[in-house]
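Written out below as structure tokens is the structure these notes cover.
Chain A is the first sequence line, chain B the second, and so forth, proteins listed ahead of strands; every chain is numbered from 1. Values below: all heavy atoms of this structure, side chains included; hydrogens, waters and symmetry mates excluded.
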Amino acid sequence: MQKLSDALRKEYIALGLMAGSKEEALRELIRRLSEEKVLADVEPFFDAVLTREKLQSTGIGSGVAIPHARSAGVRRLTVMLGRFEGGVDFAALDGQPVQLVFLIAAPQGAAGAYIQTVAKVARLLKSRSYKERLLEAKSSQEIAELIKNFDRRYPRDITVKKTKDGRVIHP
Amino acid sequence: MHLLIIVLNEEKFLEDVLSVLVELGVTGANVCDVRSMGPMLAYDVPIFAGLRDQMEGRRPYAKMIFALVQNDGIVEEIVSTLKDVELDFEEPGTGFVFTVSVGKIIGKEKDFEL
């Protein structure tokens, strides 16, 4: 299973952003993805993200949004985190403005890793403690360390022993 | 191959359990409503009506999630990951997570894509 810190590296974290609308916020994050050479083709990915947003907002409430899409124009599974200091109207489920936007971009063929990454980010943001630290962090480096810390905690490495007759023993 | 079974007494955690299963690569689970034995005996079987006092605060319904998994080591992963969202199966009354070995299997879940 891919670690979140493999997909969400320091260079994919942008703090102090401002945007007047959801589209503007997404454009800004997608522009940054393009600058990082994650996107071979920007427009199909932008369209895919907007199409998903039309289905139902990915603003899941409590100031958080996880827009995501797969597209042929994406080179590698990447998570771009934007922190919008003034908040953005994301048509979130609770109607509140969104500060933390985790944009997940996946290549067309990465279906399994993609859905796992969406679930992993959702779990990260379920934790009030992590969310507060993401909001208060002073630098991209601090957030990158936080994500590595999250990866180290769960799931733990599991040691499984097998007997000669094939039974599985857990410590 | 193993059959993973999760009995979840508190429905409010169902979303978390399903999300963690997805994260761990289990995308072919099924969910059903089940009734717990204690409340069923207490309220449906007259001779056990004396159990009703002990049933206060217990939920009559639970969720059962089941899925085929390759490795039963996933039980520990599920339990430890769910602690992160404050669902602790080691707390009495939360539910159970277990696996049983499966013999022959015919049929396959259709993969879904996000």
Please round to the nearest 0.5 Å and tell me the distance separating atom [atom1] of [X] and atom [atom2] of [Y].
X: A:T117; Y: B:E23; atom1: OG1; atom2: CD; answer: 9.0 Å
X: A:K120; Y: B:T81; atom1: NZ; atom2: OG1; answer: 7.5 Å
X: B:S19; Y: A:Q116; atom1: OG; atom2: CD; answer: 11.0 Å
X: A:R123; Y: B:D84; atom1: CZ; atom2: CG; answer: 5.0 Å

Exercise for review: Scan residues 85-105 of chain B for pairs that pass side chain to side chain donor-acceptor pair (under 3.5 Å), counting only residues two or more places apart or in two chains.
Suggested key: B:K83-B:E90
**Study point:** Pairs satisfying side chain to side chain donor-acceptor pair (under 3.5 Å), at least one member in residues 38-47 of chain A, at least two apart
**Key:** A:R27-A:E43
Revision key, fill the gap. Comparing A:A113, A:S129, A:A119 against chain B, the one with the most heavy-atom pairs below 4.5 Å turns out to be A:A119
Check your understanding: Using non-hydrogen atoms only, which part of B:V75 is less than 4.5 Å away from chain A: side chain, backbone, both, or neither?
Key -> neither
**Study point:** Heavy atoms from other residues, nucleotides or ligands near CD1 of B:I105 exceed 12 (cutoff 6.0 Å)
**Key:** yes
Check your understanding: Taking everything shown except A:D89 itself, do over 12 heavy atoms lie less than 6.0 Å from its CG?
Key -> no
Point to revise | Path from B:F89 to B:I5 over hydrophobic side-chain contacts below 4.5 Å | key: no
